[in-house]
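See structure below.
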Amino acid sequence: MIKLENIERRYISDEVETTALAEVNLDVAQGEFLAIMGPSGCGKSTLLNTLGTIDRPTGGHYWFEDTDLAALPEKELAKFRAAHLGFVFQSFNLIDELTIEENIALGLTYRKDVSGKKSERVATAMDTVGIAHRARHFPHQLSGGQQQRAAIARAIVGDPKLILADEPTGNLDTANGEQVMNILTALNEAGATIVMVTHSPSHADMAKRRIDMLDGRIVASAMRAL
Ligand code: ADP
Ligand code: ADP
């Protein structure tokens with residue numbers, strides 16, 4: 001589904017150059033569950049944001065199916081993101097002024113193409129993550145674990161081809177972190193392709209494959225032992 005070819009990302013600020021990604025080659029097959037690990041500053045978020053097209057590489061090619069996204073203008077990328085990607089962040093990023101179901105419905109903005117009624121899709125997504133009983137509540141009325149489950153529902157409500165999760169359990173206690181991991185695992189088993197950044201070795205072990213990064217490069221790649 002995805003092929004990164006020789007991706008490079010350099011930042012230049014105050015005449016200091018940082019290479020966040022160098023010679024990154026990565027294939028992600030449909031149905032994969034990939035974990036990205038590595039020390040702080042090694043380029044994990046930059047890689048995830050590159051996959052999410054919210055960061056643009058300074059070199060290389062990003063093939064998504066048959067399109068080289070590195071060559072597309074921003075307007076086309078915005079359409080691509082809305083149609084095919086779901087994002088989950090460490091800090092949930094729900095909108096405080098909207099209810100949980102309204103937040104989840106945001107995942108359908110720009111999705112006139114999806115089948116079924118919007119409200120039914122939102123209800124299904126809420127059931128999938130077990131948050132239906134909080135539909136009319138506001139984010140601040142929910143625990144962190146519930147907020148993250150709502151954020152996952154927002155990410156999946158449009159049935160994206162790829163779910164990108166940046167430390168989805170980073171702000172959660174052990175029990176809530178496990179619950180979020182179990183939801184991601186179930187989504188993957190149901191067919192979703194997931195790429196996740198994590199600092200937790202045990203959570204990385206729940207993925208099907210793990211890559212390790214160091215200084216902007218992928219230095220190891222291992223399938224989960226069955
Ligand atoms: P990680 O997610 O592994 O902590 P990042 O992808 O956030 O790493 O960062 C990789 C490197 O790129 C770091 O050295 C970081 O300081 C640098 N970097 C990230 N974003 C910027 C930016 N906007 N401007 C300059 N340097 C950046
Ligand atoms: P959680 O973090 O698991 O969502 P809550 O604090 O929201 O927990 O739920 C408190 C209790 O309500 C739990 O014991 C849970 O089993 C129960 N519960 C969950 N969903 C519903 C529902 N739709 N209706 C009634 N009770 C529910």
Side-chain angles (χ1 to χ4, degrees), residues 2-28 32-64 68-74 77-78 80-81 84-94 144 147-148 151-152 154-155 160 162-173 176-177 180-181 184 188 193-224:
I2 287 171
K3 191 175 189 63
L4 296 183
E5 272 177 7
N6 218 8
I7 290 288
E8 176 205 76
R9 177 61 164 108
R10 287 189 294 173
Y11 292 105
I12 298 172
S13 58
D14 298 332
E15 292 175 20
V16 179
E17 192 174 290
T18 308
T19 302
L21 297 175
E23 294 175 33
V24 168
N25 292 288
L26 179 67
D27 288 346
V28 182
E32 266 219 72
F33 187 174
L34 178 69
I36 304 172
M37 292 200 82
S40 195
C42 72
K44 301 181 299 297
S45 290
T46 305
L47 177 55
L48 201 76
N49 292 342
T50 301
L51 289 168
T53 74
I54 48 185
D55 192 52
R56 215 184 249 283
T58 48
H61 298 282
Y62 174 4
W63 299 97
F64 193 99
D68 184 0
L69 298 180
L72 286 191
E74 177 52 36
L77 289 181
F80 166 82
R81 283 193 291 273
H84 300 307
L85 304 185
F87 291 92
V88 180
F89 304 95
Q90 181 176 3
S91 52
F92 324 135
N93 292 9
L94 298 170
Q147 290 186 50
Q148 191 60 304
I152 293 173
R154 179 184 56 192
L162 176 65
I163 298 169
L164 297 168
D166 197 349
E167 293 191 49
T169 62
N171 279 343
L172 302 178
D173 61 26
N176 280 302
V180 160
M181 285 308 302
L184 292 176
N188 176 246
T193 308
I194 304 177
V195 180
M196 167 185 77
V197 167
T198 183
H199 280 294
S200 162
S202 65
H203 292 172
D205 284 344
M206 294 177 77
K208 288 177 177 161
R209 180 160 64 115
R210 165 178 163 175
I211 60 173
D212 288 87
M213 297 185 68
L214 192 64
D215 298 337
R217 292 163 194 272
I218 296 173
V219 292
S221 171
M223 303 296 286
R224 183 179 62 201

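Starting from 1, each residue takes its place in the sequence as its number. Atoms within a ligand are numbered from 1 in the order they appear, just like the ligands themselves.
When side chains are defined from C-beta on, L47 counts as touching I211, because their heavy atoms get closer than 4.5 Å. Here the side chains of L21 and M213 are in contact, with some heavy-atom distance below 4.5 Å.
Within the model, atoms CG of L26 and CZ of R209 stand 5.5 Å from one another, a figure rounded to the nearest 0.5 Å. Between the CD1 atom in I194 and the CD1 atom in I163 there is a gap of 4.5 Å [rounded to 0.5 Å].
The contact set between ligand 1 and P39, taken as ligand atoms under 4.0 Å from a residue heavy atom, comprises 3 (O). Contact atoms of ligand 1 toward K44: 1 (P), 2 (O), 3 (O), 4 (O), 6 (O), 8 (O) (distance under 4.0 Å to a heavy atom of the residue). Those atoms of ligand 1 that come under 4.0 Å of a heavy atom in T18, given as number and element, are 12 (O), 14 (O), 17 (C).
At least one protein heavy atom sits closer than 4.0 Å to atom 8 (O) of ligand 1. Within 4.0 Å of atom 15 (C) of ligand 1, not a single protein heavy atom is present.
Annotation: S45 places an N or O atom under 3.5 Å from an N or O atom of ligand 1; distance criterion only. The shortest N/O to N/O separation between S13 and ligand 1 does not fall below 3.5 Å.
Considering each of A20, G38, G41, the one bringing a non-hydrogen atom nearest atom 4 (O) of ligand 1 is G41.
Residue contacts with ligand 1 include C42, since one or more of its heavy atoms lies under 4.0 Å from the ligand.
By the 30° and 60° cut-offs, the orientation of the rings of F64 relative to Y62 is perpendicular.
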Applying salt bridge (charged side-chain N to carboxylate O under 4.0 Å, His left out) to E32 and K208, what does each step give before you reach the verdict? CA-CA 7 Å; E32 266 219 72; K208 288 177 177 161; over 6 Å; no
